[in-house]
2 protein chains.
Amino acid sequence: MARTIPIEAGSYTQDCDDCPIRHRAVCARCEHDELAQLEKIKYYRSFEAGQTVAWSGDRMDFVASVVSGIATLSQTMEDGRRQMVGLLLPSDFVGRPGRESSAYDVVATSDLVMCCFRKKPFEEMMLRTPHIGQRLLEMTLDELDAAREWMLILGRKTAREKIASLIAIIARRDATLALQPPTGGLTFELPLTREAMADYLGLTLETVSRQISALKRDNIIVLEGKRQIRIPDFDALIEQTGDDSDGGLLV
Amino acid sequence: MARTIPIEAGSYTQDCDDCPIRHRAVCARCEHDELAQLEKIKYYRSFEAGQTVAWSGDRMDFVASVVSGIATLSQTMEDGRRQMVGLLLPSDFVGRPGRESSAYDVVATSDLVMCCFRKKPFEEMMLRTPHIGQRLLEMTLDELDAAREWMLILGRKTAREKIASLIAIIARRDATLALQPPTGGLTFELPLTREAMADYLGLTLETVSRQISALKRDNIIVLEGKRQIRIPDFDALIEQTGDDSDGGLLV
DNA sequence: CAATTGCCTTGATGCAGATCAAAACATGGC
DNA sequence: GCCATGTTTTGATCTGCATCAAGGCAATTG
């Protein structure tokens, strides 16, 4: 099922500039020789928008970090109902050490480059290098918090609050990656189709479209094209999410 | 806010019989002297049904493992809407190393005994003892899977499927703890009020009550009292969840 | 034993969001 | 240019669950 296109074997560069693994993921505290070991088991894969990285149940013999582009993790019921359970932005980590097959459908929603590590040697390295495991634990705990934030969104928020929450999350992540403060005016690209947003929020695409139109009508957001969004007043957006203003909203 | 009743300092027993920490949690692979170190920083706390262990934002200077009883993790919005994000059964772990305050409301829904470890020494010990960290990573990954399973339930399932899913999850956990196979007839106690179930499933308590009545009417479940439930045919219950029969449904 | 309290059930009604349907826009291929 | 395909918007209608309301049942209390 999973059609993938490996593009190049990773070549060792000490600063690992092309790969965010060093910053958010496994090797932030690694020394030179550990980095060198990681480099040996590292390779890149790229995917086109819409391509499936792995279906739920597919054998997955690597773990990976997103270098550029966006991917989604989702679950599908037999009758086709789909729920996204994770959004993978650059620097996010995918794959579970100790599990041989993917538990979720992993789909590239834009052109995507991932930095992969073969699972077996990665696991062995984890055993030898405790801070890789520690880093992974931290990241997993962050993901768990994000998942629980989503549970609140899915279980208790109205359609309008859901959309506002999703836009706020993406805006925050986008601002973080771009190192812009998420206050004042802020422009970015919605990396998801209306349908993908619906699958994320437990809504239909029609409801998503209607609520986006409503937020536009109320000047909470400004659409520049279908996907490009400008947020004139970030605090006004946050008010629409139902969260208390200081709130966490991790992703 | 958090009123708690410490009952006894943990006394060291090599087999740690009274505490599931050894089996599911931190010390499964620990040697004698590491166990002894854990024992030194361990103490018990007990709570009555309905008592709050910690409010979101409260300082929490320990991590803990549930010994007996049930607790819930929940988030509350300003206007009172509540969403449970975790159900803590015996052997489950609470608390995040590296975070000083609780991110969730932790409430005992039955009489509860927890085996606590002071956070600072626990974290230090984690650094020295890699397999504690590894075990914690495994458990956190399991929790993440469970949270994602819940996202599907919350986002895409009908009220009837939600109730069936919750009953199935509790039945499975209960059977696992009691070491009974979760097939054929199976009797257990629902550890949650209708309201708590509603907060778990993103429903109202009235809907929960109606759907339980409906499942009873259709002979999927048999109520023996309000809380005692018998499941004559586990597979029939699973059919009501919307999952494919082999499915995971971790918690 | 009557009164109170907490939990649960059931009924009547309303509404947010789903569903069904159609059309407006893009974008790319030929 | 025209056609095909995919995405988005908007409208009309339907429905599952929320909401509002009342009453039942069991345990506890005075």
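Numbered from 1 within each chain, the chains take letters A, B, ... in sequence-line order. In what follows, every heavy atom counts, from backbone to side chain, and hydrogens, waters and symmetry copies are set aside.
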- Heavy atoms under 4.0 Å, any strand shown: does B:G202 hit a base, just sugar-phosphate, or nothing? sugar-phosphate
- Query: Taking CG from B:L223 and P from D:dC25, how many angstroms apart are they, rounded to a whole number?
  - Reply: 15 Å
- Item | Upstream residue (5' side of DNA chain D) when B:T158 and A:S213 are each assigned their closest nucleotide | A:S213
- If we ignore angles and hydrogens, is there a donor and acceptor under 3.5 Å between the side chains of B:T76 and B:D105? yes
- Query: Between B:L88 and B:F93, is any pair of side-chain heavy atoms under 4.5 Å apart?
  - Reply: no
- Query: Is the base of D:dC20 touched by the side chain of B:E206 through a donor-acceptor pair closer than 3.5 angstrom?
  - Reply: yes
- Item | NZ/NE/NH1/NH2 to OD/OE distance under 4.0 Å, B:E195 and B:R82 | no
- Short side-chain N/O contact to D:dT19 OP1/OP2 from B:T204, under 4.0 Å: no
- What is the distance, rounded to the nearest whole Å, between atom CG of A:L154 and atom P of C:dG17? 13 Å
- Looking for any heavy atom pair under 4.0 Å, which part of the strands does B:S209 touch: base, sugar-phosphate only, or nothing? base
- Report the residue (A:V208 or A:K226) whose heavy-atom-nearest nucleotide on DNA chain C is the more 5′ of the two. A:V208
- Task: Take atom CD of B:E189 and atom C1' of C:dC7, then tell me their distance rounded to the nearest Å.
- Result: 14 Å
- Task: Using a strict cut-off of less than 4.0 Å between a Lys/Arg side-chain nitrogen and an Asp/Glu carboxylate oxygen, indicate whether B:R148 and B:E143 qualify as a salt bridge.
- Result: no
- Checking D:dC17, C:dC7, C:dG17 against the side chain of A:T207 (C-beta onward), the nearest is C:dG17
- Item | Interatomic distance, A:L201 CG vs C:dA16 P [rounded to whole Å] | 18 Å
- Task: Assess whether one donor atom and one acceptor atom, taken from the side chain of A:R194 and the base of D:dG6, lie less than 3.5 Å apart.
- Result: no
- Message: Closest approach to the side chain of B:R210, judged atom by atom: which nucleotide of D:dC20, C:dT9, D:dT8 is it?
- Response: D:dC20
- Message: Can you tell me which nucleotide in D:dC17, C:dA18, D:dT8 comes closest to the side chain of A:L203?
- Response: C:dA18
- Query: Is any side-chain heavy atom of A:D199 closer than 4.5 Å to a side-chain heavy atom of B:R156?
  - Reply: yes
- Message: Give me the atom names and distance for the closest heavy-atom approach of A:M84 to B:M151.
- Response: O-CE, 3.6 Å
- Message: Can you measure A:E161 atom CD to C:dA16 atom P for me and round it to whole angstrom units?
- Response: 13 Å
- Task: Return the value, rounded to whole Å, for the distance between atom CD of A:E195 and atom P of D:dT8.
- Result: 9 Å
- Message: Taking donor-acceptor contacts at under 3.5 Å, does the side chain of A:R217 reach the base of D:dT10?
- Response: no
- To the nearest angstrom, how far is A:L192 atom CG from D:dT7 atom C1'? 14 Å
- Message: If I take atom NZ in residue A:K157 and atom C1' in nucleotide C:dG17, what distance separates them, rounded to the nearest angstrom?
- Response: 18 Å
- Message: Looking at D:dT7, I'd like to know if its phosphate oxygens (OP1 or OP2) sit under 4.0 Å from a side-chain N or O belonging to A:T193.
- Response: no
- Phosphate OP1/OP2 of C:dG17 contacted by A:R160 side-chain N/O (<4.0 Å): no
